[in-house]
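In listed order, ligands and their atoms are each counted from 1. Keep in mind that the numbers below use all heavy atoms, side chains included, and drop hydrogens, waters and symmetry copies. Starting from 1, each residue takes its place in the sequence as its number. Since we're looking at a predicted model, the values are computed, not measured.
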Amino acid sequence: MSFFPVCRPRRLRKTQAVRNQVAETVLRTEDLMYPVFVVHGENIKKEINGMPGQYHYSLDRLPELINEIEKAGILSIMLFGIPAKKDRYASENYTDNGIVQKAIRLIKTLSPALVIATDVCLCAYTEDGHCGITHNGQIDNDQTLDILQKTAVSHAQSGADIVAPSGMMDGMIQAMRQGLDQNDFSDVMIMSYAVKYASAFYGPFRGACGSEPTGDRKSYQMDYRNKKEARKEARMDQEEGADFLMVKPALSYLDIIQDVVEHSTLPVAAYHVSGEYAMIKAAAGNGWVDEKAIVIESLTSIKRAGAKIILTYYALDVAQWLAET
Ligand SMILES: [Zn+2]
C-alpha cells in the first residue's frame, strides 16, 4: 500500500471517461423488474394513491403498458392482482378465471419473451388482509401452504415463468415446488421473498392492493432488529428449492442484501418498495431533491450491495434515463 504523495486516488476520478471505465458497479435496464397491478373492469388506468405515476390497469388497457415495458427494454415484471371479491380462503387466487391468470395469458400473447413473475400471496384476496388463512385470530401456517401450492400451479397453468410467494409462511417453497413438480411444471421458477421484514415502508402498497391487515404482520414477517435470522430464512428457502431469493425492503436493508448474497449461491433480488418510492416522489415533487440523480444512486447502491435483480416502481423511468446517457 502506497501513501500520499505517491498515491493520489483523485487521479482515477479526474474525468467522466476515466470514472466510467473504472466504475465497479453499473446499473443496467436489464437489472430491473417492474411491478404491475391488474384489476377487473374496463377502461381502467387509475393512479394508485401514494404512488404517483403508478396505475391499476384493467386488461383492455394493459397492452399499452406492456408495449411501453417492451420498448424500454425491461426484461421482467412482477404481477399483482386485485380480485373482484375477497373471502376467507382467498379463492380468486387460484381460480382459472382470476385476474392474474387472465393477465398472464393476455401478456403471453402480447409479449411472449417478457418474463412474468407472479406474486402468489393471499393478502389481496383474504377478507382480513392477512397473508395466511386465520383461525381465531391466528395464522394457520400449514393450511395456507395448500393454498399457496394451488395458486402456484394455477399461475403456472396460465403461463407464469416465475411464481413468487411473499407471505413468509414456513415451508412455502417446499409446498410450491412439490405442487409444481407433480403437475409437470418443474421448469417454472420460484422467486422466494425469503427475507421480508415487517416494515413501515410498505404503506402505499397496501392501499394499492387493498390489503391493509387487521392487526399487523409481525407474527410472520421478520423483525428488523434481526440479521442472523435472514441467513436462516435464506438457507431454508434455498434448500427447499427456491431459484431466487429476495430481500425486502431494500435501502434500509443493504447490509442484509450483502449478507444473503455472501451466504447463498442463488441470485438475490431486492425490492425497492412503495414507501421508498413515495418518499423520493414527495421530496422531488417539492423540489428538495434531484429525482433522477437520487433514484440512480439509490438503485446503484442496491446493486453494489449484491442484488442481481431490483424490483422498482421506477423501472420505466430508469430505463429511459439510462437510454439518454
Ligand atoms: Zn401478503
Side-chain angles (χ1 to χ4, degrees), residues 33 35-39 48 50-51 56 77-83 85-94 98-101 103 117-135 137-152 154-155 160 162-173 175-176 190-224 233 237 242 244-250 253 269-276 311 313:
M33 181 181 268
V36 171
F37 297 90
V38 287
V39 293
I48 298 167
M51 298 170 69
H56 284 144
I77 60 170
M78 178 69 79
L79 206 50
F80 295 92
I82 291 88
K85 71 174 179 55
K86 298 168 188 277
D87 60 28
R88 182 144 183 240
Y89 293 102
S91 323
E92 195 186 313
N93 213 6
Y94 49 89
I99 187 66
V100 167
Q101 286 82 347
T118 59
D119 192 296
V120 298
C121 199
L122 279 60
C123 48
Y125 298 83
T126 50
E127 284 160 345
D128 60 9
H130 276 293
C131 303
I133 302 302
T134 43
H135 279 139
Q138 302 288 323
I139 306 290
D140 187 328
N141 188 90
D142 298 5
Q143 194 178 4
T144 303
L145 298 184
D146 292 340
I147 294 181
L148 288 172
Q149 188 179 62
K150 279 197 268 187
T151 305
S154 173
H155 288 186
I162 302 174
V163 286
S166 59
M168 292 299 287
M169 293 297 120
D170 294 337
M172 63 184 185
I173 302 304
M176 288 171 59
I190 300 178
M191 178 180 282
S192 178
Y193 290 67
V195 180
K196 181 176 179 182
Y197 284 88
S199 169
F201 286 100
Y202 305 143
F205 177 92
R206 289 177 182 172
C209 273
S211 57
E212 186 60 46
T214 313
D216 61 45
R217 296 187 169 126
K218 290 179 181 170
S219 80
Y220 42 103
Q221 294 176 350
M222 287 172 58
D223 186 329
Y224 58 75
E233 286 281 4
D237 286 4
F244 309 83
L245 301 171
M246 191 200 297
V247 176
K248 182 181 181 182
Y253 297 84
Y271 202 137
H272 183 242
V273 302
S274 58
E276 301 178 85
L311 291 97
Y313 302 102

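For Asp216, there are no salt bridge (Lys or Arg N to Asp or Glu O under 4.0 Å) partners at least two apart in sequence or on another chain. Residues that satisfy the ring pair (Phe, Tyr, Trp, His ring centres under 6.0 Å) test with Phe205, not counting sequence neighbours, are Phe37, Phe80. Contacts of Pro204 classified as side-chain contact (heavy atoms from CB on, under 4.5 Å), with partners at least two apart in sequence or in another chain: Met51, Ser274, Ala278.
Classification of the His130-Tyr220 ring pair by plane angle, with boundaries at 30° and 60°, yields perpendicular.
A distance-only check finds no donor-acceptor pair linking the side chain of Arg217 to the backbone of Tyr197 [under 3.5 Å].
By the 6.0 Å and 45° rule, Lys248 stacks over the aromatic ring of Tyr202.
For the Zn ion (ligand 1), protein N/O/S neighbours under 2.8 Å (waters excluded) are Cys121 SG, Cys123 SG, Cys131 SG.
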